[in-house]
Amino acid sequence: MIITGLSTLFAGVSLAQPQAAAILPAGDIPLARLVDLSADLAEVSIEYDATLLRGNATLRLAKELEGDQLWALTNELLAARGLTTLRRGTDSPLLSVVKLQDAARLAVADADFASLYAPIPGFVSVGLSLEHMAPDDFLAEIEPMLSSSGGEASRTPEPGVIRIADRTPVVRRVVELAAVLDTPDAVSSMEFVGVDSLAPAELIQLVGTIRGGSTAGGGEQGGRLFEGPDGRSVIVVGTARERADLRSLVGRLDENARLETRLYTPSGFGTSAVADLIKSSFGEEPNGLEIVEDGLTSTLQVTAAPAQHERIAALLERLESVPPGARRPLRAFPVRNRDAEEIASLIRNLVDAGMFESGLAARGRLAGEPSAQAGAGSMSRNRSGEDGFGDASDEGVRIAVDRGTSRLLAIGEPRDLDRIGVLVEELDVRQPQVMLEVLMVSLSDGQSRDFGIELQRLLDDAGTIVGLTSLFGISDLGLSDGGSGVLGSGSGATAVVLDPGDFSVVIRALENISDGRALSMPRVLVNNNESGTINSTVEEPFLSTNASDTVATTSFGGSSAAGTQVNVTPQIAEGDHIVLQYSVSLSSFVGESADPALPPPRQQNTISSRATIPDGYTIVVGGIEIESEAEAETRVPLLGAIPGVGELFKSRSQSSSRSRFYAFIKPTVMRHESFDDLKHYGRPFLEEARVDDGLPELLPRVIR
């Protein structure tokens with residue numbers, strides 16, 4: 001158990017004593033903290049089980065409250081959660097927080113309502129002594145007033161005394177009602193009358209003002225009114241004639257104040273300005289007035305009494321009488337995130353499409369005429385130029401762009417300007433950025449095998465030298481100085497069988513294996529729905545020769561480019577998926593030029609498409625794979641076709657190659673308002689390039 005306010009545990013507090021005051025901060029406050037604070041301000045001792053006071057209470061207080069006011073508010077909040085405060089001891093100022101359904105059983109009956117210690121707990125049990133009215137009749141009258149949860153009323157063994165156990169506001173109303181019903185003639189009774197338009201307290205005050213100023217609503221003509229327990233009715237107390245008079249008066253007042261909802265379409269002025277004017281015209285007594293602005297249709301939905309609607313209609317009629325030339329102000333709309341000319345062009349397109357309604361059509365509908373769809377002339381664009389207004393006295397709206405301050409300048413009726421302001425606010429939204437990493441990988445591997453045999457035979461017949469050879473480019477053999485030459489030149493494994501001047505054999509076996517990998521990874525930061533391009537190329541020049549009959553002139557003939565080209569346009573879709581329009585191209589020179597006047601041969605791989613890829617993942621978006629195989633055989637005619645022996649007169653070669661090109665894309669959405677995600681992403685590249693980012697370096701420090 002928790003007990004607070006021990007300093008006042010045995011001291012009563014009088015209502016006449018000044019109370020401390022405090023203003024609570026707006027927002028959530030723990031319920032237990034609120035109970036402690038209100039108990040301290042009201043100088044009351046309280047104990048409670050902490051498990052009962054869980055959760056928070058949300059307060060929005062416009063002014064400071066005194067101790068008894070905050071105490072009453074706290075008890076209302078506790079009652080809404082099924083809790084209340086009560087006194088367990090007869091003469092003890094200590095209060096307890098209990099469940100509302102157990103309060104009637106735990107509360108100690110006091111002598112009467114006026115003898116309670118102050119501040120009064122949220123739940124009391126008092127005895128009422130009836131002098132004239134029968135207890136059973138009184139119980140039947142007050143039964144509808146009791147709380148549905150925890151409220152009890154019963155007879156006691158003492159004659160003419162009944163016990164009332166309920167929330168303090170309910171018991172207070174029952175005590176006040178007893179003073180009216182328990183009269184010597186015992187002819188007064190009560191009945192419930194429902195109200196629809198006015199609040200019960202407002203209706204009681206209005207009846208009292210009409211009948212003579214009584215705060216209870218009865219006035220000098222007899223009968224009294226009380227608030228009903230449900231908040232939607234009043235209790236009428238008095239004789240049959242008094243109740244009939246009050247019931248008739250309540251019905252007339254409530255019927256006249258019945259609220260109606262009507263739609264108004266102001267023309268010439270904005271809905272927000274008209275709504276503020278209506279509210280200010282009614283001052284601090286709106287009497288149920290409620291105004292809802294519909295920006296989609298430029299209308300006002302007003303809920304008010306019939307008399308209030310008459311005043312609103314008169315106000316709008318007065319506004320309609322204002323000359324058109326006097327209600328065409330100039331307004332500037334700042335554009336902070338997008339190109340001002342782009343938004344101006346979009347609004348002009350909407351104007352040309354007839355998306356705006358003319359002032360005449362709006363006035364006709366306000367007067368009850370059927371609305372007419374306005375044409376393109378209702379709100380026209382500036383035909384005389386993009387930066388001028390033209391004739392500002394014409395009907396419609398004129399729009400210009402101030403590029404220096406990135407603002408839209410518009411002249412027109414306030415109603416149309418409000419609609420343009422809504423459009424600018426909806427369109428001028430900062431778009432997130434996308435960091436795109438494009439990874440292009442080119443893989444190549446190849447293999448070739450060559451095997452051949454070359455033979456040479458020299459014959460000398462009476463000084464005549466005859467040479468017989470089978471050559472396939474394996475060696476460099478020639479006939480000079482008696483027929484000898486260079487043997488065994490070239491690559492690969494070479495075996496030479498040599499008998500100088502008579503016979504020679506060259507055998508060569510060669511295998512070539514190649515494996516290559518080229519990687520290109522450009523990065524580009526692109527705004528949503530914008531295009532980004534990366535070009536990294538190398539240009540190879542070539543010559544041009546102009547020949548004539550006498551002289552040949554050589555000059556620069558041009559250049560051929562090869563490298564990396566990337567063009568991407570991202571669109572952020574739902575769930576941070578990226579709809580990406582991309583074109584990826586990777587080209588390279590694959591050999592020497594066959595002629596100085598010709599560009600070198602070039603291979604180019606290009607992939608372009610439109611795809612949807614997830615944020616933060618590296619996805620392969622395309623690839624090209626090429627495989628080639630070839631076999632070749634070179635042989636001496638006739639001899640090379642002889643089985644077995646023909647192998648000595650031929651050369652064989654085999655080759656295979658495979659090239660692959662893949663394109664990977666990784667998108668990363670950058671959404672942080674302060675660009676912290678972009679700073680974090682770029683930090684490793686700054687460190688690698690040894691570039692200072694300008695931010696102070698944070699060093700750890702030991703605090704003892």
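Just so we're clear, the structure is a prediction, and the values are computed from it rather than from any experiment.
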Between the CZ atom in R54 and the CG atom in D49, the distance rounded to the nearest 0.5 Å is 8.5 Å
Are the side chain of D615 and the backbone N or O of V669 linked by a donor-acceptor pair below 3.5 Å?
yes
The reported gap from CD in Q205 to CD1 in I210 (rounded to nearest 0.5 angstrom) is 11.0 Å
- Message: Could you check whether any side-chain N or O of T168 sits under 3.5 Å from a backbone N or O of P121, counting only pairs where one atom can act as donor and the other as acceptor?
- Response: yes
Heavy-atom nearest pair, I142 first then A153, reads CD1-CB, 4.1 Å
Is the backbone N or O of I120 less than 3.5 Å from a side-chain atom of W71, with the two atoms forming a donor-acceptor pair by type? yes
Separation between CD (E227) and CG (L203), nearest 0.5 Å, reads 10.0 Å
Is there side-chain contact between I164 and L128, with heavy atoms separated by less than 4.5 Å? yes
Requested in this report: State, without any angle test, whether N75 and T85 hold a side-chain donor-acceptor pair at a distance under 3.5 Å.
Outcome: yes
| task | For R33, look at atom CZ and say whether over 12 heavy atoms of other residues, nucleotides or ligands are found less than 6.0 Å away. | result | no
Check whether any side-chain heavy atom of P200 sits under 4.5 Å from a side-chain heavy atom of V195, and report yes or no.
yes
Between G421 and F333 the two heavy atoms that sit nearest each other are CA-CE2, 3.5 Å
**Message:** Under a 3.5 Å cutoff, is there a donor and acceptor pairing between the side chains of Q301 and T261?
**Reply:** no
| query | Tell me, do R155 and D136 make a side-chain contact under 4.5 Å, heavy atoms counted? | reply | yes
Margin query: Go through it in stages, so that I can follow the logic: the residues are R311 and S281, the test is side chain to side chain donor-acceptor pair (under 3.5 Å), and I'd like the CA-CA distance, side-chain angles, deciding distance and then a yes or no.
Written below: CA-CA 9 Å; R311 293 176 58 185; S281 65; 4.8 Å; no
CZ of R701 to CD1 of I703, rounded to nearest 0.5 Å, is 6.5 Å
Nearest heavy-atom contact between F192 and S233 is CD2-OG, 3.9 Å
Let's go through D102 and K99 carefully: what are the C-alpha distance in whole Å and the side-chain angles of both, what is the deciding distance for side chain to side chain contact (heavy atoms under 4.5 Å, CB included) to 0.1 Å, and is it a yes or a no? CA-CA 5 Å; D102 300 332; K99 294 182 179 179; 4.0 Å; yes
- Task: Please answer whether the main-chain N or O of A304 pairs with a side-chain N or O of H309 as donor and acceptor at a distance below 3.5 Å.
- Result: yes
Taking the side chain as every heavy atom from C-beta outward, state whether S272 and E293 have any atom pair closer than 4.5 Å.
yes
Original post:
Looking at side-chain heavy atoms only, is the closest gap between R163 and E152 below 4.5 Å?
Top reply: yes
Would you say the side chain of S96 lies within less than 4.5 Å of the side chain of I46, judging by non-hydrogen atoms? no
- Query: Does a salt bridge link E191 with R247, judged by any charged N lying under 4.0 Å from a carboxylate O?
  - Reply: yes
Side chains of L83 and L53: does their closest heavy-atom pair fall under 4.5 Å?
yes
Heavy atoms of G228 and I235 approach each other most closely as CA-CG1, 4.2 Å
query = For R430, does the CZ atom sit with more than 12 other heavy atoms under 6.0 Å from it, leaving out its own atoms?
reply = yes
Nearest heavy-atom contact between G150 and A104 is O-CB, 3.6 Å
Check: Do any N or O atoms from the side chain of S38 and from the backbone of L34 form a donor-acceptor pair under 3.5 angstrom?
Finding: yes
The reported gap from CD in E310 to CG in L315 (rounded to nearest 0.5 angstrom) is 14.0 Å
With the threshold set at 4.0 Å, does a side-chain nitrogen-carboxylate oxygen contact exist between K279 and E290?
-> no
For D166 and L146, the nearest pair of non-hydrogen atoms, with its separation, is OD2-CA, 3.5 Å
OG1 (T84) and CD (Q101) are apart, to the nearest 0.5 Å, by 12.5 Å
- Query: D428 side chain to N337 main-chain N or O, any donor-acceptor pair under 3.5 Å?
  - Reply: yes
| task | For the residue pair E76 and P169, establish whether any side-chain heavy-atom pair is separated by less than 4.5 Å. | result | yes
Hey, does the side chain of N528 reach the backbone of I572 with a donor-acceptor pair shorter than 3.5 angstrom? yes
